[in-house]
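Predicted model, so just to flag it, every value in this text is computed and none were measured. Positions are given from 1, in the same order as the sequence printed here.
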Amino acid sequence: MVEKAAGAFRTIGELSDDLGVPQHILRYWETRFSQLRPLTRAGNRRYYRPDDVALVKKIHLLLTEQGYTIKGVQRVLAGKSEVTAPLANLTAPTVSKSIIAQLQAIRARLADALATAEA
C-alpha cells in the first residue's frame with residue numbers, strides 16, 4: 001500500500017482504517033459535529049481534507065481516551081468548555097476506616113434482620 005502525502009485528501013475508508021473506527025461512526029459524527037464537513041463528490045463519496053482529519057482525530061481522542069460524551073465534545077469544539085484531565089486520572093474519595101466499620105456493622109444487622117424475617 002502506498003503511503004499518501006501529509007496534505008493529501010483521505011477517503012472515508014482510509015480514515016476509518018487509520019483510526020480503527022467503522023465508517024458509519026464517521027458518518028454519524030458528521031451529523032453531530034457541524035465543524036466536520038468533508039468534501040463530497042459524485043455518489044456521495046467523502047474526501048477528508050487535512051483539517052478534517054485533524055478534527056476527526058481530536059473527536060476520537062476526546063470520546064475514546066478522555067471519556068467525553070458527544071454533547072461534551074460539542075461543547076469543547078464550540079469553545080464553551082475546556083478540555084480537562086482524562087477521567088481515568090480522577091481518584092475516588094477516600095473513606096475512613098471508622099466509616100467502613102460502621103457500614104459493615106449496619107450490613108451485619110441488616111443481614112440478621114433479613115434472616116429473622118425469613119424464618
Tell me the closest heavy-atom pair linking Pro50 and Gly7, and the distance in Å. CG-O, 3.5 Å
Please collect all salt bridge (charged side-chain N to carboxylate O under 4.0 Å, His left out) contacts where either partner lies in residues 33-49, sequence neighbours excluded, each pair once. Glu30-Arg46, Arg49-Asp52
Are Leu55 and Leu39 joined in one hydrophobic group, where the rule is that I, L, V, M, F, W and Y side chains link up if heavy atoms are under 4.5 Å apart? no
Path from Leu62 to Val21 over hydrophobic side-chain contacts below 4.5 Å: yes
How is the hydrophobic cluster of Leu114 composed, in terms of its other members, when Ile, Leu, Val, Met, Phe, Trp and Tyr link through side-chain heavy atoms under 4.5 Å apart, directly or indirectly? none
If you measure from CD1 on Ile59 to CD1 on Ile25, what distance do you get to the nearest 0.5 Å? 12.0 Å
The side chain to side chain contact (heavy atoms under 4.5 Å, CB included) partners of Gln23 (sequence neighbours excluded) come to Ile12, Ser16, Arg27
Nearest heavy-atom contact between Leu63 and Ile70 is CD2-N, 3.9 Å
Given side chains that start at C-beta, do those of Trp29 and Val73 come closer than 4.5 Å, heavy atoms only? no
According to a 4.5 Å side-chain heavy-atom criterion applied to Ile, Leu, Val, Met, Phe, Trp and Tyr, with indirect links allowed, do Tyr47 and Phe33 form part of one hydrophobic cluster? no
Is any side-chain heavy atom of Leu77 less than 4.5 Å from a side-chain heavy atom of Lys58? yes
Given the rule that I, L, V, M, F, W and Y join up when any side-chain heavy atoms are under 4.5 Å apart, are Phe9 and Leu15 in one cluster? no
For Ser98, the side-chain hydrogen bond (donor to acceptor under 3.5 Å, both in side chains) test, sequence neighbours excluded, returns Ser96
Strictly by salt bridge (charged side-chain N to carboxylate O under 4.0 Å, His left out), give each pair with a member in residues 99-119 just once, sequence neighbours left out. none
Residue pair Glu14 / Arg10: nearest heavy atoms and the distance that separates them: OE1-CA, 3.3 Å
Any side-chain heavy-atom pair from Tyr48 and Leu36 closer than 4.5 angstrom? yes
Would you check if the side chain of Gln66 reaches a backbone N or O of Leu61 as a donor-acceptor pair within less than 3.5 Å? no
